[in-house]
Each structure stands twice: as C-alpha cells, then as structure tokens.
Amino acid sequence: MPFPLPHAFATLPAEQLAPLARHYAAAMASRRRHVYIGLAVIAVCIALSSWMGEVKPAVFLTNAGRLGNYFYDITPTLTFANFAADLGEWFWNLDHWLKLLWDTILIAYLGTLFGGLGAFCLCFLASANLVRSPWIRMGVRRFLEFCRTVPEIVFALLFVVAFGLGPMPGVLALSIHTMGALGKLFAEVVENIDMKPVDGATASGADWVQTVRFAVLPQVLSNFASYGLLRFEENVREAAIMGFVGAGGIGQDLVEAVRKFYYSDVSAILLLIIGTVVIIDLVTERVRHALLGTERRS
Amino acid sequence: MMVIEGLTCRFGEKVAVSDVNLEIGQGAFIGVIGRSGAGKSTLLRMINRLQPSSGGAIRYDGVDVTALKGRDLRLWRAQAAMIFQQFNLVGRLDVLTNVLMGRLSTMPRWRALSKIWSEEDKAVALTALDQFDIAQLAAQRADSLSGGQQQRVAIARALVQEPGLILADEPIASLDPRNTKVVMDALQRINKHFGITVLCNLHSLDLARTYCDRLIGMAAGRVVFDGAPEALTEGVARELYGLEAGEVMDMHGAAEPEFEPALMPGAAAV
C-alpha cells in the first residue's frame with residue numbers, strides 16, 4: 001500500500017457496538033423478508049404461467065431441428081461461377097421493392113410524427129405532479145392505454161375497411177398506437193422532473209401552460225427526443241407488416257411471397273428490411289448523440 | 001506532508017487554477033477562502049484527482065499523486081477523502097450502506113456487490129456514525145435525513161476511509177447556523193483527535209478565523225494570501241472579495257439595506 005495509515009481506527013467496545021448492530025440487523029432482516037416474498041411470488045407466477053400456457057420443453061427440443069427448415073427453403077441458389085447473375089436473379093424486383101421500402105419508411109415517419117405530437121399534447125395532462133384533478137388524469141391515462149393496447153394491425157384493418165387500400169390507413173394506425181405508447185413514456189419522464197423550477201415559475205405568477213413551457217419543457221425535451229427516435233426505429237419494423245392487411249409498404253409483397261411460396265423473394269425482402277432497420281438504427285443513434293452533444297455544449 | 005508545485009487547471013481557454021505552490025504539513029486545519037469562481041473547488045478536486053490537472057505536481061509523503069493510476073489512484077482517493085456541499089450521498093440507500101461505501105477501495109469486489117459486509121467493516125462504520133451521535137439512524141434511507149445529519153453521514157463515510165487528509169468543499173454552505181456549528185465541530189474533532197489534515201473551502205471569514213490555523217486566499221485561480229488567520233487584515237480581505245469585503249468580514253454589524261424603501265416601485269402609491 002503506497003500510503004501508510006497515519007492512525008489506527010479504534011472501534012467501539014463490543015458491549016456498546018452490539019445493540020447498534022442488532023438494531024441495524026433487525027431493520028435489514030425485515031427488508032430482506034420483503035425481497036424473499038417478492039422472489040417467491042415471481043417463482044409461483046412462472047410456474048403457473050408455464051402450466052397454463054402448456055410450456056413443454058420436450059416438444060421444443062424434439063422439434064427444434066425443424067426451425068431451420070424454412071430458412072433452408074428460402075435460401076437462394078448462389079454459385080461462385082455465376083455470382084453476379086445469381087444475385088441479380090435473387091433481387092430481380094429490386095426497384096419495386098426499394099420503392100415499397102421508401103413508402104414503409106415514410107409511413108413510419110409520419111406515424112411517429114403525428115403520434116409524437118399527440119403524445120406531447122397529452123402527456124402533461126397525464127402527469128400526477130402537474131395535474132391535480134384525478135378525473136382529467138385518469139381520463140387521459142385510460143385513453144392512452146386504449147390507444148396502445150389495441151394492436152396496430154387491428155387499427156390498420158379497421159381503417160382499410162373505412163378508407164380503402166394504401167398507405168393512409170397505415171399512417172393512421174401507427175399514429176394512434178405511437179400516441180398511446182409515447183404518451184405513457186413522456187408522462188413518466190414528466191413525473192420524474194425536478195419540481196423546484198416548477199415551484200419557482202408558479203410562485204412568480206405563471207399560469208399552467210406557461211409553467212409547462214418554461215419550467216417543465218426544458219427539463220424533458222432531451223428525453224422526449226430520445227424516446228421519439230427510438231419509437232421511429234420500432235415504427236419502421238411495424239410499418240413493414242402494415243402491408244399484410246393492405247395498409248401500404250413492403251409488407252404487401254412480403255406476405256404475397258410467403259403465401260405463394262416464392263421462397264427466394266421472401267429472403268430477399270427480409271434482407272432488405274433488416275438492412276433498412278440497421279441503417280435507421282445507425283442514423284438515429286447519430287442524431288441522438290448530436291442532440292445530446294448540443295445539450296452539453298450550451 | 002503534501003507538496004503542491006505549479007498546479008494548474010485549464011477548461012479550454014479559461015484558467016481555473018493557475019500555478020499554485022503550497023506546502024501542507026500533516027495535521028493542519030487549513031481554510032481556503034475566496035469568492036465563488038476563484039478556483040477553490042477545482043483545487044480541492046484536483047488534489048483528490050476527481051478533476052484532472054493540466055500541469056504541475058502533487059506530492060504526498062514523497063509519492064507523486066498526479067502520476068497514480070488504477071488501484072493506486074483509488075487508494076489515493078480514499079486517502080484524500082472528499083466532503084461535498086450537497087453531501088453527495090446515495091439517497092435511496094440506507095445510512096450504513098452509504099458509510100460503508102467509504103470502505104469500497106479496500107474491499108474485494110464480490111463482497112461489495114453482494115453487500116455481505118465483513119463484521120469488522122460494519123463495526124468501523126457504526127463506530128464512525130456513533131462519533132457524531134447518529135448511529136441509531138443506520139437503517140434509515142439517507143434522503144429521509146436532515147441536511148445536517150446527511151453531512152455528518154458524509155463525514156462518517158470520509159472517516160471510515162481512514163484518510164490522511166480530508167478535502168471539504170463548502171461543507172456548510174447548505175446548512176443552517178446550528179448545523180454549521182455541528183459540522184465544523186465534527187471536522188475539528190477528527191482533525192484534533194485523529195491528526196487528519198483538513199482542507200476546507202469556506203465562504204465565511206468568521207468561521208475560517210474560528211476554526212482554521214492557516215488560511216489560503218485565492219483570487220482568479222491564484223494564491224494571493226497564505227498565512228495565519230491573524231495576518232488577514234481588512235485590506236487583504238478587500239483584495240480577495242472586492243467590494244464585498246465589508247459584508248463578508250461582518251464589520252458593520254447588521255447588514256444595511258441597499259435601497260431606501262421609498263425607492264421601491266409602487267411604494268409611493270401605498
């Protein structure tokens with residue numbers, strides 16, 4: 001040790017220490033009991049759900065080999081001698097697919113934008129630290145819950161029936177779901193803010209909207225941006241399946257290829273979707289870091 | 001014995017601490033005084049190595065502290081214990097766990113992560129809390145304590161590090177007068193009782209005079225005064241604090257209002 005201690009630290013005599021240690025141990029024991037009870041409840045829930053859900057590890061193990069079969073079927077034939085031509089044949093419909101992918105990204109973009117705007121407007125009303133009336137808060141919270149618990153695909157089907165085929169039902173369905181999901185996350189961010197600036201603004205006579213604008217918004221904006229961008233990534237994936245019900249985008253061709261057993265088309269489209277999601281991931285990550293960077297500089 | 005030579009810290013263009021040279025003997029109680037932004041905090045944080053220095057050297061008993069890395073650096077940090085203005089406890093953890101964090105640098109990692117503290121560490125932590133009459137609070141959450149109690153927990157955490165040096169960065173700036181006395185007395189006691197060197201940033205010259213046996217005055221990152229408290233004349237204080245000297249030194253008794261009440265807008269209408 002490079003620094004010799006200048007003194008020895010003498011502890012209290014045992015008879016003085018014992019009651020203090022006992023008091024602490026007793027308090028810790030009751031806390032530990034709560035942890036054990038919690039763990040027991042989780043274990044019981046796992047046992048119950050695997051019994052009710054008929055989880056059978058044996059079935060999974062004996063059939064695990066078949067998992068690879070479909071992937072084997074959709075693998076295209078690529079030969080080394082004729083690689084370029086084989087590749088061209090695999091991605092024979094590239095122009096069309098890229099156009100559909102672009103549609104998919106636009107659906108995700110608009111869905112995130114509109115949903116984000118709705119979530120932004122509603123999240124402050126759903127926050128317990130800003131809204132005293134439980135009726136408003138409960139109402140907004142239940143509405144957001146409804147928006148996010150109905151699956152997007154169900155909304156999309158509904159809108160396809162009402163407005164016809166095309167990307168518009170997809171955008172609407174994604175917007176509603178995004179509003180519900182982001183609204184909850186935004187409200188939680190707002191509930192975690194430091195209330196001192198809020199007191200400061202209220203005490204100097206600001207009304208509710210002004211308080212939100214000047215005391216709350218500066219604290220939450222960076223988190224809102226992070227969650228919004230994360231949602232955009234998720235929405236690109238969601239938008240890819242909107243086409244399953246005719247609500248626009250690449251999903252239309254994907255589901256067709258799956259149903260008609262155009263095996264190599266399935267793999268080509270899946271690869272394109274994966275590639276797009278990776279690119280979006282990389283881009284949003286950079287945007288996020290850039291936003292955080294400007295925050296730190298200012 | 002700690003020797004500081006030409007210690008400098010730059011933040012971009014701004015020089016926070018500039019060419020500080022000091023010799024500090026073991027067991028001294030030193031007050032560092034000066035206006036906000038004079039570089040007092042940066043100096044203390046550099047000594048702990050919490051803030052990297054841009055130039056110069058710190059030597060403690062012949063060891064070059066500025067060159068330490070890895071485990072040696074962590075042991076040095078434990079050796080030069082910090083106390084903060086805002087206490088810097090973990091509010092969600094109980095008091096004893098907060099104090100035991102002072103033992104982390106010498107504890108095997110499995111012990112720390114499983115929170116299976118050794119009986120000896122627990123005894124040391126409870127003894128440290130008992131020194132400041134708060135051992136009965138050991139099981140409470142740190143954020144349920146008052147400011148004065150929290151700062152005493154922080155001092156207990158510093159004490160169980162078995163440090164040679166305590167760096168207190170404005171330890172009483174968030175406390176009321178009664179707790180100020182309790183905390184300053186606690187620092188004085190560990191200084192006298194254990195012979196631990198204390199370097200304490202202070203705003204109040206009165207407190208600095210009462211508790212310290214040497215004062216270091218800083219202005220614009222430089223040391224402009226170094227001597228016994230008695231040597232700190234009104235002239236030196238004015239240089240340190242500018243126009244505030246009179247208020248800071250509390251020369252005129254109660255502070256006088258700067259404006260006549262009649263000059264307040266709207267007052268004439270009453």
Side-chain angles (χ1 to χ4, degrees), chain A residues 1-40 42-43 128-129 188-189 191-200 203-206 219 223 290 292-298, chain B residues 1-2 12 26-27 60-65 67-68 71-80 94-97 99-100 102-103 105-106 115-117 119-131 134-141 159-165 190 193-197:
Chain A
M1 186 178 285
F3 308 105
L5 297 177
H7 59 270
F9 192 100
T11 51
L12 287 173
E15 67 269 20
Q16 260 178 298
L17 204 56
L20 295 172
R22 252 201 317 277
H23 173 73
Y24 181 73
M28 287 305 111
S30 80
R31 213 167 297 172
R32 207 167 301 136
R33 212 160 35 240
H34 288 147
V35 172
Y36 289 149
I37 292 171
L39 288 176
I42 291 175
N129 53 347
E188 271 166 18
V189 171
E191 287 186 341
N192 278 326
I193 59 166
D194 180 5
M195 286 303 279
K196 287 184 207 122
V198 174
D199 283 350
S204 42
Q219 296 192 57
N223 271 336
L292 286 178
T294 50
E295 171 116 317
R296 229 166 266 138
R297 265 198 298 282
S298 58
Chain B
M1 177 76 159
M2 179 164 68
Q26 187 63 41
Y60 187 84
D61 290 343
V63 179
D64 184 4
V65 168
L68 293 178
R71 185 174 152 74
D72 285 344
L73 174 59
R74 288 201 306 279
L75 287 174
W76 163 251
R77 284 178 171 150
Q79 189 62 194
D94 65 76
V95 165
L96 197 74
T97 306
V99 175
L100 282 163
R103 307 288 281 184
S105 66
T106 52
K115 282 176 77 176
I116 303 174
W117 316 111
E119 285 306 314
E120 188 211 340
D121 282 342
K122 269 198 271 191
V124 167
L126 281 169
T127 306
L129 284 172
D130 189 62
Q131 296 261 333
I134 45 174
Q136 74 284 359
L137 302 177
Q140 284 201 30
R141 261 172 69 140
L159 198 57
V160 302
Q161 291 168 222
E162 307 194 30
L165 174 67
I190 56 180
H193 193 72
F194 299 109
I196 298 173
T197 312

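Chain letters run A, B, ... following the sequence lines, proteins first, then strands; residues in each count from 1.
Among the residues in residues 25-35 of chain A, those with a non-hydrogen atom closer than 4.5 angstrom to a non-hydrogen atom of chain B are Ala27(A), Met28(A), Arg31(A).
Pairs of residues two or more places apart, or lying in two chains, that qualify as salt bridge (Lys or Arg N to Asp or Glu O under 4.0 Å) and include a residue from residues 120-131 of chain B are Arg103(B)-Glu120(B), Arg103(B)-Asp121(B), Glu119(B)-Lys122(B).
Thr127(B) and Leu12(A) make their closest contact through OG1-N, 3.1 Å (heavy atoms, listed as atom of the first residue, atom of the second, distance). Contact between Gln136(B) and His23(A) at its shortest, heavy atoms only, is O-NE2, 3.5 Å.
A side chain to side chain contact (heavy atoms under 4.5 Å, CB included) with Tyr24(A) is found for one member of Leu96(B), Leu129(B), Val95(B) and no other, namely Leu96(B).
For Thr97(B), the parts sitting under 4.5 Å from any heavy atom of chain A are the backbone and the side chain alike.
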